[in-house]
Amino acid sequence: MGATEEIIKMAKENNGTVTTAMVVAAGFSRGNIKYLVDKGVIQKSTRGVYILPEVWDDEIFNLQNRFKRGIYSHETALFLWDLTDRTPNRYHMTFPANYNLTKPKEENIRCVQCKDVLYNLGIEEVTTPGGNTVRAYGVERTLCDILRPHSHVDIQIVTEAFKGYVTRADKNIPMLSEYAKILKIEKRLRAYLEVLL
């Protein structure tokens with residue numbers, strides 16, 4: 001099997017998406033990608049991301065490919081974990097404290113920065129509506145984040161998210177409490193849980 005067939009196979013096995021990094025890691029040259037784009041076999045979705053023509057363009061996946069240090073958070077994470085029915089009109093990402101936010105802000109991303117110890121807390125993998133895997137803060141971390149004073153998340157979204165959470169079979173109240181302690185929002189969390197539990 002030639003390089004072009006291998007790249008198409010890789011895309012098919014990865015939800016119709018292939019990245020430059022994947023192609024190079026498999027030992028093929030970037031020239032193979034250009035050849036496939038020129039032939040119309042794959043399309044450029046965004047920088048370093050290519051899709052098969054029949055595939056829906058996954059913006060959530062593309063943005064994380066461009067901003068690899070960005071972790072989906074706040075309302076975007078609620079959406080990915082199915083704790084809100086509102087599709088985000090702007091995506092929320094959290095970056096390390098020293099990250100240059102110029103480029104993500106140009107892409108209209110709502111950026112949050114935090115210290116490394118908090119940045120690495122509760123990162124999980126979640127599937128996008130397009131079927132690709134991205135990194136987002138887990139359910140418990142996200143619920144704590146939206147209660148923090150500077151999060152500016154609409155109170156209705158917060159309430160809806162907590163109502164959805166308490167009915168989930170996979171809820172982890174001890175972990176939620178632990179994160180609340182670390183993020184210093186224990187009183188706020190207690191107020192929500194007392195009403196709902």
Side-chain angles (χ1 to χ4, degrees), residues 56 58-99 101-197:
W56 174 71
D58 191 341
E59 192 180 5
I60 296 173
F61 177 73
N62 292 346
L63 284 172
Q64 196 163 67
N65 250 317
R66 291 204 40 214
F67 306 111
K68 290 183 175 27
R69 302 291 310 276
I71 307 297
Y72 284 109
S73 60
H74 297 79
E75 289 158 83
T76 307
L78 288 178
F79 172 73
L80 290 169
W81 291 115
D82 206 23
L83 282 170
T84 181
D85 52 13
R86 296 187 196 185
T87 306
N89 55 359
R90 282 178 73 191
Y91 296 112
H92 251 108
M93 282 183 138
T94 297
F95 293 90
N98 60 352
Y99 192 89
L101 298 176
T102 309
K103 291 268 187 251
K105 283 182 174 174
E106 284 172 6
E107 292 290 335
N108 203 22
I109 294 171
R110 293 172 87 169
C111 302
V112 177
Q113 286 182 300
C114 62
K115 295 180 197 133
D116 279 356
V117 64
L118 297 180
Y119 169 77
N120 292 309
L121 183 72
I123 298 173
E124 293 183 28
E125 289 192 334
V126 63
T127 305
T128 68
N132 293 299
T133 303
V134 293
R135 290 181 336 279
Y137 287 115
V139 174
E140 286 77 13
R141 162 72 193 260
T142 300
L143 290 172
C144 289
D145 276 343
I146 65 173
L147 286 181
R148 294 177 82 186
H150 64 272
S151 75
H152 308 297
V153 176
D154 184 309
I155 191 77
Q156 283 181 302
I157 293 174
V158 175
T159 307
E160 177 192 327
F162 272 91
K163 280 181 182 168
Y165 177 72
V166 296
T167 64
R168 286 172 79 115
D170 65 346
K171 66 181 174 288
N172 187 338
I173 302 291
M175 184 188 283
L176 185 66
S177 301
E178 182 63 29
Y179 286 162
K181 200 176 290 178
I182 294 166
L183 297 167
K184 299 177 176 46
I185 51 120
E186 291 162 286
K187 278 186 183 154
R188 283 172 178 240
L189 177 66
R190 208 171 301 122
Y192 266 89
L193 292 181
E194 280 169 4
V195 173
L196 294 167
L197 288 176

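Below, each value reflects all heavy atoms present in this structure, side chains not excepted, and no hydrogens, waters or symmetry copies. Small disclaimer: the values here were computed from a predicted structure and weren't measured.
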Under the criterion side-chain contact (heavy atoms from CB on, under 4.5 Å), I'd like the reasoning laid out for L83 against I157: C-alpha separation, chi angles, the key distance, then a yes or no.
CA-CA 9 Å; L83 282 170; I157 293 174; over 6 Å; no
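- Between the side chain of R188 and the backbone N or O of A180 there is no donor-acceptor pair closer than 3.5 Å.
- The distance from atom CG of L121 to atom SG of C114, rounded to the nearest 0.5 Å, is 9.0 Å.
- Among residues at least two apart or in separate chains, ring pair (Phe, Tyr, Trp, His ring centres under 6.0 Å) pairs with a member in residues 120-168 are F162-Y192.
- Within the 4.5 Å cutoff, the side chain of R141 has heavy atoms near those of the L183 side chain.
- Counting heavy atoms of neighbouring residues, nucleotides and ligands inside a 6.0 Å radius, atom NZ of K187 does not exceed 12 of them.
- Taken from CD1 in I71 to OG1 in T76, the straight-line distance is 12.5 Å, to the nearest 0.5 Å.
- With N120 contributing its side chain and D116 its backbone, the two residues share a donor-acceptor pair below 3.5 Å.
- Looking at Y119, its side chain does come within 3.5 Å of a backbone N or O of R69 through a donor-acceptor pair.
- Listed here is the closest heavy atom pair of I109 and L63: CD1-CD2, 4.0 Å.
- Within the 4.5 Å cutoff, side-chain heavy atoms of L143 are placed close to those of L78.
- Counting only heavy atoms from C-beta outward, the side chains of Y99 and C111 never approach each other to under 4.5 Å.
- Each ring pair (Phe, Tyr, Trp, His ring centres under 6.0 Å) pair with one or both residues in residues 64-92, not counting sequence neighbours, appears once here: H74-H92.
- With hydrogens and angles left out, the side-chain atoms of S73 and D145 include no donor and acceptor closer than 3.5 Å.
- Between the side chain of E75 and the backbone N or O of P88, no donor-acceptor pair lies under 3.5 Å.
- Between the side chain of Q64 and the backbone N or O of G70, at least one donor-acceptor pair lies under 3.5 Å.
- In this structure, the separation between CG on N132 and CG on N62 is 8.0 Å, given to the nearest 0.5 Å.
- Note that OG1 of T84 is 9.5 Å distant from CG of D154, once rounded to the nearest 0.5 Å.
- Of the possible polar contacts, none joining the K105 side chain to the T102 backbone as a donor-acceptor pair under 3.5 Å is found.
- E107 is not listed as a side-chain neighbour of M93, based on a closest heavy-atom distance of 4.5 Å or more.
- Between the CZ atom in R135 and the CD atom in E124 there is a gap of 12.5 Å [rounded to 0.5 Å].
- When side chains are defined from C-beta on, E160 counts as touching D85, because their heavy atoms get closer than 4.5 Å.
- Although no hydrogens or angles enter the test, the distance criterion places no donor-acceptor pair under 3.5 Å between the side chain of E140 and the main chain of L176.
- Note: L80 CG to T142 OG1 = 9.0 Å, rounded to the nearest 0.5 Å.
- Under the 3.5 Å distance criterion, the side-chain polar atoms of R110 are left unmatched by any main-chain donor or acceptor of R90.
- For the pair V126 and A136, the tightest heavy-atom approach, listed with the atom from each and the gap, is CG1-CB, 3.8 Å.
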